[in-house]
Amino acid sequence: MDLQDQLKNLFPDHKPTEDVEKKAPKSDIWMQEDPIICKYEKRKGKPITILEGYTGADADFKLLAKELKQKLSVGGSFKNDSIIIQGDYRDQIMSILKEKGFNVKRVGG
């Protein structure tokens, strides 16, 4: 007697659910073919990471900026069609964007 039979004996009224395929959560953000450019700069002596080159809607890019800031627990802003993240987080940002399905190109150092 295997486990399934034992469970049927203990709970005769229970109806097993069918196996539901787990799908990856579909992103609401528009994906693009061109790579997003991830570059590093220093402004007023402090390091920042800049993301440029997104061709979708500004609202989608703002959502992406908010998500990146929350995952990295850092400050940043969205200005002039670019995301500015405080600190040098190029590697982490690139890995997050690649997991989401974006093409990312690293520029500079």
Side-chain angles (χ1 to χ4, degrees):
M1 184 179 268
D2 65 339
L3 183 62
Q4 293 294 332
D5 293 332
Q6 291 176 3
L7 288 174
K8 286 179 187 176
N9 289 338
L10 290 173
F11 304 103
D13 295 334
H14 177 70
K15 295 178 184 176
T17 58
E18 295 179 16
D19 292 334
V20 178
E21 293 181 23
K22 293 183 180 179
K23 295 181 181 177
K26 183 161 178 137
S27 177
D28 295 336
I29 300 173
W30 183 76
M31 297 295 173
Q32 66 182 21
E33 295 296 322
D34 298 332
I36 293 178
I37 297 171
C38 183
K39 61 183 178 180
Y40 169 79
E41 285 185 11
K42 280 194 174 185
R43 292 187 182 171
K44 297 181 183 176
K46 298 183 180 181
I48 60 170
T49 305
I50 301 173
L51 298 172
E52 296 176 333
Y54 186 72
T55 58
D58 284 348
D60 290 344
F61 209 36
K62 286 180 184 179
L63 285 174
L64 183 62
K66 182 178 180 179
E67 185 176 335
L68 287 172
K69 290 189 296 184
Q70 286 177 348
K71 283 189 177 181
L72 298 171
S73 300
V74 295
S77 65
F78 174 81
K79 291 181 182 176
N80 302 329
D81 296 329
S82 64
I83 297 174
I84 300 171
I85 302 289
Q86 296 174 355
D88 184 10
Y89 292 99
R90 287 177 291 179
D91 296 330
Q92 293 96 326
I93 290 172
M94 288 177 66
S95 65
I96 291 170
L97 291 177
K98 285 181 182 177
E99 287 174 10
K100 290 182 132 322
F102 287 101
N103 293 331
V104 184
K105 185 176 181 181
R106 185 176 179 148
V107 175

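What you see is a predicted model; the values in this text were computed from it and never measured.
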Quick check: do [X] and [Y] have side-chain heavy atoms less than 4.5 Å from each other?
X: R106; Y: R90; answer: yes
X: I85; Y: K69; answer: yes
X: L51; Y: I37; answer: no
X: F78; Y: D58; answer: yes
X: E41; Y: I50; answer: yes

In one Ile/Leu/Val/Met/Phe/Trp/Tyr side-chain cluster, 4.5 Å: [X], [Y]:
X: F102; Y: I96; result: yes
X: I83; Y: L72; result: yes
X: V107; Y: I48; result: no

Taking all heavy atoms of G45 and all of K42, pick out the closest pair and write down the distance.
-> O-CD, 4.5 Å

To the nearest 0.5 Å, what is the distance between [atom1] on [X] and [atom2] on [Y]?
X: I93; Y: K98; atom1: CD1; atom2: NZ; result: 13.0 Å
X: C38; Y: Q92; atom1: SG; atom2: CD; result: 10.0 Å
X: K8; Y: L3; atom1: NZ; atom2: CG; result: 11.0 Å
X: E52; Y: F61; atom1: CD; atom2: CZ; result: 8.0 Å
X: K71; Y: S95; atom1: NZ; atom2: OG; result: 9.0 Å

Hey, is the main chain of Y89 close enough, under 3.5 Å, to the side chain of T49 for a donor-acceptor pair?
-> yes

Could you walk me through whether L97 and L64 pass the side-chain contact (heavy atoms from CB on, under 4.5 Å) test, one step at a time?
-> CA-CA 9 Å; L97 291 177; L64 183 62; 3.8 Å; yes

